[in-house]
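Below: the structure, in structure tokens.
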Amino acid sequence: MDSWGDLEKDGICYVKQDPQLGQIRGLDPWSVENGIHVIRMEEDAAEGIMMVRPNNRQQYGTVHGGVLVAFADTIAGHSLLARGRMCVTQSSTVHFLRPAEGAYLFCRATALQVGSRICVVSAEQRNDQGERITSALFTFAVVKKIPPISLPPKHPNLTF
């Protein structure tokens, strides 16, 4: 698989190729069940993909804002696992910049501050045309320090 264009346009991304991708060693089955897949999780950032499906659209045909927040929150939280922090969301601010349309959406989250009790992460989402959909800032409360968990890219040629 050399490009995003080779991805399946319907259903959950990568399920046919690798059912375990995105499950992060069993830590987040909720994400996979909701079509959110972590495709990279390293110390510098986490990245994910979400297929746009009929069940995540609202009545106007675009992805529901709550789904976008959940997607960004999930990838932002996973960015901290690579830094050895298991966290819960304390607060978030999400700016919706354009309607979310397309076959799939990307999210990239970068930790801005990693503390022993509080972490701050920036996240942005783009559609399959590379247009920015949202810009978000999350504050997380650290629940537990853990050994860092990383997930190198399954397909290194695919970048955000």
Side-chain angles (χ1 to χ4, degrees), residues 1-25 27-58 60-83 85 87 89 92-112 114 119-140 149-160:
M1 184 177 299
D2 296 322
S3 72
W4 287 114
D6 295 333
L7 293 175
E8 180 181 24
K9 298 292 184 189
D10 296 308
I12 298 174
C13 179
Y14 294 129
V15 164
K16 291 180 181 173
Q17 292 87 354
D18 186 347
Q20 299 304 309
L21 183 63
Q23 291 185 10
I24 308 300
R25 301 179 188 153
L27 291 177
D28 194 4
W30 181 89
S31 299
V32 175
E33 182 67 28
N34 286 283
I36 297 169
H37 293 273
V38 177
I39 58 175
R40 181 173 86 87
M41 186 172 72
E42 296 178 291
E43 192 170 312
D44 67 318
E47 296 176 344
I49 188 169
M50 182 182 73
M51 301 306 289
V52 175
R53 304 183 291 189
N55 66 338
N56 61 22
R57 296 176 193 224
Q58 37 79 327
Y60 305 114
T62 60
V63 177
H64 189 281
V67 173
L68 294 173
V69 173
F71 180 31
D73 179 55
T74 297
I75 303 305
H78 279 84
S79 75
L80 296 168
L81 291 174
R83 298 294 202 82
R85 304 294 192 277
C87 300
T89 308
S92 64
T93 301
V94 180
H95 299 276
F96 298 94
L97 306 174
R98 66 172 21 98
E101 301 174 303
Y104 44 87
L105 303 175
F106 302 105
C107 182
R108 180 185 178 112
T110 306
L112 301 177
V114 179
C119 300
V120 178
V121 177
S122 172
E124 73 172 36
Q125 295 169 319
R126 293 181 182 266
N127 62 19
D128 57 1
Q129 302 298 308
E131 300 168 316
R132 188 175 299 137
I133 302 297
T134 68
S135 178
L137 192 64
F138 292 89
T139 301
F140 291 93
I149 301 172
S150 64
L151 178 72
K154 172 90 173 160
H155 303 286
N157 294 334
L158 302 178
T159 59
F160 179 66

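Along the sequence shown, residues are numbered consecutively beginning with 1. Keep in mind that the numbers below use all heavy atoms, side chains included, and drop hydrogens, waters and symmetry copies.
- In terms of heavy-atom proximity, A72 sits nearest to Q125 at N-NE2, 3.3 Å.
- Scanning all heavy atoms of the two residues, the minimum distance from R53 to R57 falls at O-CG, 3.4 Å.
- Considering OG1 of T134 and CD of E124, their distance stands at 7.5 Å, rounded to 0.5 Å.
- Note that CD1 of I133 and CG of N127 are 4.0 Å apart. Values are rounded to the nearest 0.5 Å.
- Closest non-hydrogen pair, A45 versus T110, comes out as CB-OG1, 4.0 Å.
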V52 and D128: CA distance, side-chain angles, deciding distance, side-chain contact (heavy atoms from CB on, under 4.5 Å) verdict = CA-CA 10 Å; V52 175; D128 57 1; over 6 Å; no
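- E47 CD to E42 CD: the interatomic distance, rounded to the nearest 0.5 Å, is 8.5 Å.
- D44 contributes atom CG, which lies 5.5 Å from atom CZ of R108 (distance to the nearest 0.5 angstrom).
- Nearest heavy atom pair, residue I36 against residue I75, reads CG2-CD1, 4.1 Å.
- The only member of M51, H64, M50 that meets side chain to side chain contact (heavy atoms under 4.5 Å, CB included) when paired with N56 is M50.
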Stepwise, does the side-chain contact (heavy atoms from CB on, under 4.5 Å) test hold for V94 with L68?
-> CA-CA 9 Å; V94 180; L68 294 173; 6.0 Å; no
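- In this structure, CZ in R40 is found 10.5 Å from OG in S150, a value given to the nearest 0.5 Å.
- When all heavy atoms are compared, the tightest approach of S79 to A109 is CB-O, 3.8 Å.
- Separating the OG1 atom in T89 from the CZ atom in F140 is a distance of 4.0 Å, to the nearest 0.5 Å.
- Between F138 and D73, the shortest heavy-atom contact is CZ-N, 3.5 Å.
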